[in-house]
Amino acid sequence: MKKKYNHNIDTIISATYVVTNKRLTLVAALGVTIGISIFIFMNSLGSGFVKKSNKTIFNNTPHIRVYKDDEISKSIITPKDTNSLVLISNPTIIPKSEQIVNPERIITLLRAQPEVTYVTPEIAVKVFYNSGMSQVSGDASGLEIAEASKMFNIKQSMIQGRMEDLENHSNGILLGVDIASKINAKTGDNISITSSKNITKVMKVVGIFKTNSSIVDKTKSYIGINAAQQLLGENANYITNIDVNVQDFNKAADYSAKFSSLTGYKAEDWKAANSDQLNGFKMRGIIIFAMSLSILLVAGFGTYNILNMTITHRINDIAILKAMGFQGWDVIKIFVLQGTLIGLIGITVGLLIGGVMVYFASKIYMGPDQGYFPIVLDYTVFINASLFGLVVSFFASYLPARKAANVDPVSILRK
C-alpha cells in the first residue's frame with residue numbers, strides 16, 4: 001500500500017527555501033519591487049495626463065454639442081430605377097443658415113432628460129480683434145455666462161476682472177490672456193471687434209481669463225448672446241449651438257444619438273469633436289503601458305534566473321524528495337510557491353514605494369501655468385500592478401519548476 005504524506009509540507013519547504021536563501025530572495029524581490037514601483041508611477045502619470053487633458057478639453061468643449069449640420073443638395077432628377085442616371089446640377093451645402101429653430105423648446109426638452117446636468121445656448125462668431133491697423137483673428141462665443149461658467153469653469157480661470165460683470169454690461173467681453181497681450185488690452189479698456197459679416201462693435205473688456213490651453217487663450221473670447229446676435233445682424237431668437245453636459249461624460253457618445261433623435265439636429269459628443277487629439281493621448285498611454293510592463297517582465301526574468309540557480313543548487317534535495325514519493329506536481333508546487341512568495345514580497349513593497357512616489361510627485365508645483373505635476377493616485381493602477389506582478393511571478397517560477405519536476409532521482413543519486 002502506497003504511503004501517504006501531508007502535502008502541506010510543500011508549503012513548508014517553499015517557505016524554507018525563501019528564508020534560507022536570503023540573498024537570492026532579496027535580489028529577486030528587489031527586482032519585482034522596482035518593476036512594480038515604476039509600473040505604478042508611469043501608469044499614474046499616464047492617468048494624470050488623461051485627467052489634465054480632459055480638463056483642458058472641457059474648459060472649451062461641452063460633453064455634447066447640438067447644432068444644425070450641413071447638408072449637400074440632392075439630385076434634381078430622381079431616378080426611376082437603378083439603371084437610370086442621376087443628374088446633379090451645381091451641388092452646394094444647404095441650408096446656408098446655421099440657426100436652430102425654436103431653441104427654447106429644445107433647451108427645455110434637453111433639461112428634462114435625467115442624465116443631463118447643464119444646458120446652455122451658444123452663438124459661435126468668427127471675429128477679428130482690432131488693434132490699430134492690425135487685426136487678430138479669433139472666435140467669440142455668445143452665451144449665458146452664469147450657466148456657461150458651470151460647464152466650462154470660466155469663473156475659476158479668471159485672472160483679471162469679474163466674470164459676473166459680463167451680465168451687467170451689454171457690450172462686455174472676456175478676453176483670453178494671449179489675445180489681450182497681443183492687442184495690449186486690459187480690464188476696463190474699450191476695444192473694437194469685427195465679425196465675419198463685416199459688422200464692427202465696440203466692446204468693453206470686463207475680464208481676462210487663462211485656461212493654460214494655448215489654442216483657447218490665443219483665440220477665444222466670451223460675449224453676451226445679444227452682442228453676438230448684433231455682430232451677426234440676426235434677430236433675438238438666433239442660436240447656433242446648444243451645449244449639453246451629462247452626468248457621465250464617458251457615456252456622451254451614447255447620449256448623443258438619443259439627443260439627435262430627440263431634437264432632430266446633429267448631436268456631436270466631445271470624443272468625436274476631439275478625435276485627433278484623443279488618438280494622440282491613446283497612443284501615448286499605450287507607449288507608457290508597454291514601457292512599464294516591459295520593466296516588469298525584466299523583473300520576472302530575474303526571478304526566473306534565481307529559481308534556476310536554486311534548482312541547480314538543490315538538485316540533490318529534489319532527487320531525495322522524489323525518491324521519498326514526491327510527484328512531479330509536488331515539486332512544481334514547491335518552486336511555484338517559492339516564486340509566488342518572492343513576488344508577493346516584491347509586490348507589497350513595490351505598492352508602498354510606488355504609492356509614496358506618486359504622492360510626493362503630485363505635490364510638486366510646476367508653476368502658475370502648469371499647476372501641480374500631472375499625476376494621480378488611481379486605485380485601478382495599483383490593482384493592475386498587483387495582478388501583472390502575480391502573473392509574471394507565476395510564469396517566472398513555473399518554467400524552471402517544470403525542469404525540476406522532470407529530474408530523475410536515480411540518475412542524480414548515483415552521481
Side-chain angles (χ1 to χ4, degrees), residues 49-72 93 95 97-100 103 106-107 109-111 113 115-127 137-145 147-154 156-157 174 176 178-179 196 209 211-223 225 228 232 239-286 374:
F49 280 138
V50 170
K51 183 177 180 180
K52 184 175 182 179
S53 299
N54 287 346
K55 182 180 179 181
T56 302
I57 289 174
F58 293 142
N59 280 341
N60 186 49
T61 306
H63 296 168
I64 299 172
R65 182 170 70 99
V66 179
Y67 65 99
K68 195 168 191 176
D69 198 12
D70 295 329
E71 296 180 15
I72 303 297
I93 295 176
S97 174
E98 298 178 348
Q99 181 178 2
I100 293 177
I106 294 176
I107 290 172
L109 193 62
L110 290 170
R111 282 176 175 165
Q113 304 307 306
E115 61 271 13
V116 171
T117 54
Y118 302 114
V119 180
T120 185
E122 180 184 0
I123 302 175
V125 187
K126 294 288 184 182
V127 298
S137 62
D139 300 294
S141 290
L143 37 72
E144 295 175 353
I145 192 64
E147 190 74 9
S149 180
K150 299 174 185 177
M151 186 176 293
F152 302 127
N153 297 315
I154 299 173
Q156 288 75 13
S157 65
L174 301 177
D178 291 335
I179 299 172
S196 57
F209 63 88
T211 64
N212 293 323
S213 170
S214 59
I215 297 176
V216 176
D217 293 338
K218 287 179 180 178
T219 60
K220 192 79 171 180
S221 65
Y222 296 110
I223 58 179
I225 284 184
L232 293 174
I239 297 294
T240 59
N241 304 324
I242 297 176
D243 299 332
V244 183
N245 270 14
V246 293
Q247 294 176 358
D248 186 356
F249 61 83
N250 288 313
K251 296 181 179 179
D254 298 330
Y255 297 142
S256 63
K258 174 185 175 182
F259 295 164
S260 181
S261 175
L262 189 69
T263 62
Y265 289 100
K266 173 76 173 179
E268 183 181 52
D269 66 280
W270 67 277
K271 289 184 178 180
N274 300 275
S275 57
D276 291 340
Q277 189 175 359
L278 292 176
N279 286 336
F281 297 157
K282 186 177 180 180
M283 184 63 67
R284 182 175 61 190
I286 292 172

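What you see is a predicted model, and the numbers here were worked out from it, not measured in a lab.
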With side-chain contact (heavy atoms from CB on, under 4.5 Å) as the test, would you mind laying out the steps for Thr56 and Thr211 before giving the verdict? CA-CA 7 Å; Thr56 302; Thr211 64; 5.9 Å; no
Donor-acceptor check, side chain of Thr219 to backbone of Ile215, threshold 3.5 angstrom: yes or no? yes
Residue pair Phe281, Asn274: steps toward the side-chain contact (heavy atoms from CB on, under 4.5 Å) verdict: CA-CA 11 Å; Phe281 297 157; Asn274 300 275; over 6 Å; no
Can you name the nearest heavy-atom pair linking Ala228 to Val125, along with the distance? CB-CG2, 3.9 Å
Please check if the side chain of Ser256 supplies one atom and the backbone of Ala253 the other of a donor-acceptor pair under 3.5 Å. yes
Atom pair CG (Leu110) and OH (Tyr118), whose distance is rounded to the nearest 0.5 Å: 16.0 Å
With a 4.5 Å limit on heavy-atom distance, are the side chains of Asn59 and Phe209 in contact? no
Please name the residue in the list Lys126, Lys218, Lys220 that meets the salt bridge (Lys or Arg N to Asp or Glu O under 4.0 Å) test with Asp139. Lys126
Working note: Phe58 + Trp270, criterion side-chain contact (heavy atoms from CB on, under 4.5 Å); need CA distance, chi angles, decisive distance, verdict. CA-CA 8 Å; Phe58 293 142; Trp270 67 277; 3.6 Å; yes
Supply the atom-to-atom distance Ile107 CD1 to Thr263 OG1, rounded to the nearest 0.5 angstrom. 11.5 Å
Val116 vs Phe259 side-chain heavy atoms within contact, under 4.5 Å: yes
Could you tell me whether the side chain of Asn245 reaches within less than 4.5 Å of the side chain of Pro62, counting heavy atoms only? yes
Angle between ring planes, His63 versus Phe249, binned at 30° and 60°: parallel, tilted or perpendicular? tilted
Does Phe152 reach the side chain of Asp243, with side-chain heavy atoms less than 4.5 Å apart? yes
Drop me the distance from Thr240's OG1 to Leu232's CG, to the nearest 0.5 angstrom. 8.0 Å
Do the side chains of Ile106 and Ile239 get nearer than 4.5 Å, heavy atoms only? no
Atom CD1 of residue position Ile286 - does it have more than 12 heavy atoms of other residues, nucleotides or ligands inside 6.0 Å? yes
Quick one: list whatever passes salt bridge (Lys or Arg N to Asp or Glu O under 4.0 Å) with Glu147, sequence neighbours left out. Lys150
Shortest non-hydrogen contact from Pro121 toward Ile225: CG-CD1, 3.8 Å
Report yes if some heavy atom in the side chain of Pro374 is under 4.5 Å from a heavy atom in the side chain of Lys55; otherwise report no. no
The complete set of salt bridge (Lys or Arg N to Asp or Glu O under 4.0 Å) pairs with one or both residues in residues 255-275, sequence neighbours excluded, reads Arg65-Glu268, Glu115-Lys258
On a heavy-atom basis, which atom in Ile64 and which in Ala267 lie closest, and how many Å separate them? CG2-CB, 4.0 Å
Identify the two heavy atoms, one from Pro103 and one from Ile242, that lie closest to each other, and give their separation to 0.1 Å. O-CD1, 4.1 Å
Once rounded to the nearest 0.5 Å, what's the spacing between atom CD1 of Ile154 and atom CD of Gln156? 9.5 Å
At what distance, to the nearest 0.5 angstrom, does CD of Gln277 lie from CD1 of Ile57? 4.5 Å
Quick one: salt bridge (Lys or Arg N to Asp or Glu O under 4.0 Å) partners of Asp248, sequence neighbours excluded? none
